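Here the structure is a predicted model, which means the values were calculated and not measured. Atoms within a ligand are numbered from 1 in the order they appear, just like the ligands themselves.
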Amino acid sequence: VARGEACARAADEGRLLLGAGASALDAVQRAVEVLEDEPLLNAGTGGALTEDGTLELDAAIMEGAQLRAGAVCALPPFRHPITIARAVLEEGRHVLYAGEGAAGFARAAGFAPARPDEMITQAARAHLANVVARRVPPRDRGTVGAVARDGQGRLAAATSTGGITGQRPGRVGDSPILGAGTYADDAWGAISCTGHGEGFMRMTLAARVLAELQAGRAPDTAAMQALLALEQRLHMRGGIIVAAPDGTFGWARTAPHMPCAWAIDDRAVGLP
Ligand code: ASP
């Protein structure tokens with residue numbers, strides 16, 4: 001319930017920005033910042049820990065008009081990885097920064113590093129202990145994402161995650177990889193994914209959703225087709241949200257849980 005409420009809050013913040021004339025890019029950034037602050041979700045504060053007990057954060061943001069994008073991966077603790085990804089996009093020199101280089105970019109852009117204990121939660125530590133002791137599988141819930149279309153028809157997508165609990169330090173998932181976990185093109189759609197990143201990268205899942213949209217499928221069907229391919233080929237599951245150029249949107253999941261929320265004009269719609 002709390003995760004769903006965080007989604008509704010994020011959708012509402014995005015809706016308010018869009019209503020005030022902000023871009024889809026601003027809306028997805030703000031929505032993901034809200035979700036990164038929710039300690040129950042696997043992004044920013046409360047993100048999944050590596051096997052060494054450290055927090056390494058991945059995030060990407062992309063806009064569909066000029067295909068500008070920014071991303072960070074294996075980033076040490078900073079409160080809002082998605083805001084740093086946005087700064088990467090705005091600077092425009094490169095698309096993806098990793099690890100210490102990403103931290104260096106962030107510090108130079110004026111972001112203050114967080115103390116690890118400000119962002120590492122007791123629940124994340126307990127989950128890591130359970131995974132290491134093999135009491136639970138390393139599956140995580142709560143990578144966060146947002147997609148939006150603004151009044152000018154521009155699309156944007158953003159995704160942020162701590163990765164997979166117990167991952168080896170330096171492991172990077174699909175979320176910051178364009179065409180795998182995140183993508184936006186005003187002509188076809190904006191896409192954000194969650195699930196086992198290795199599978200999403202190996203099958204370029206976001207690009208597959210794009211291809212389904214290009215073949216004329218509705219957003220929810222496009223997302224489900226890509227997830228079914230993932231299940232058939234690699235026996236992996238996940239969830240995908242999609243916003244389309246015509247203002248329709250959709251989502252699909254083969255994973256058991258994925259709260260999401262949508263807002264259209266004045267209506268905020270929460271979903272299980
Ligand atoms: N896709 C994320 C990753 O592999 C994890 C997730 O969505 O649960 O890093």
Exercise. With a 4.0 Å cut-off, would you call Arg68 and Glu90 a salt bridge?
Worked result: yes
Exercise. Once the angle between the rings of Trp251 and Trp262 is folded into 0 to 90°, is it parallel (under 30°), tilted (30 to 60°) or perpendicular (over 60°)?
Worked result: tilted
Problem set entry | Closest to atom 1 (N) of ligand 1 among Asn42, Leu57, Asp174, Val144 (heavy-atom distance) | Asp174
Problem set entry | Gly195 N/O under 3.5 Å from ligand 1 N/O | yes
Exercise. Any idea which part of Arg171 is under 4.0 Å from ligand 1, heavy-atom wise: side chain, backbone, both or neither?
Worked result: side chain
Problem set entry | Other cluster members, Val32 - Ile/Leu/Val/Met/Phe/Trp/Tyr, side-chain contacts below 4.5 Å | Leu25, Val28, Leu35, Leu41, Ile61, Ile82, Leu89, Val144
For this session: May I ask you to check whether Glu212 and Thr221 show a side-chain donor-acceptor distance below 3.5 Å?
Result: no
For this session: Tell me who clusters with Leu49, hydrophobic residues only, linked when side chains sit under 4.5 Å apart either directly or through other members.
Result: Leu55, Leu57, Val72, Leu75, Phe78, Ile84, Val88, Tyr97, Phe105, Phe111, Met119, Ile120, Leu128, Val132
Exercise. Is there a donor-acceptor pair closer than 3.5 Å between any side-chain N or O of Asp58 and the backbone N or O of Ser175?
Worked result: no
Exercise. Would one find an N or O of Ile164, backbone or side chain, under 3.5 Å from an N or O of ligand 1?
Worked result: no
Seminar exercise, completed: ligand 1 atoms nearer than 4.0 angstrom to some heavy atom of Gly173 are 9 (O)
Exercise. At a 4.0 Å cut-off, with the gap strictly under it, does some heavy atom of Gly163 reach an atom of ligand 1?
Worked result: yes
Exercise. Do any N/O atoms on Thr143 end up under 3.5 angstrom from N/O atoms on ligand 1?
Worked result: yes
Exercise. For ligand 1, which atoms sit closer than 4.0 Å to a heavy atom of Thr194?
Worked result: 6 (C), 7 (O), 8 (O)
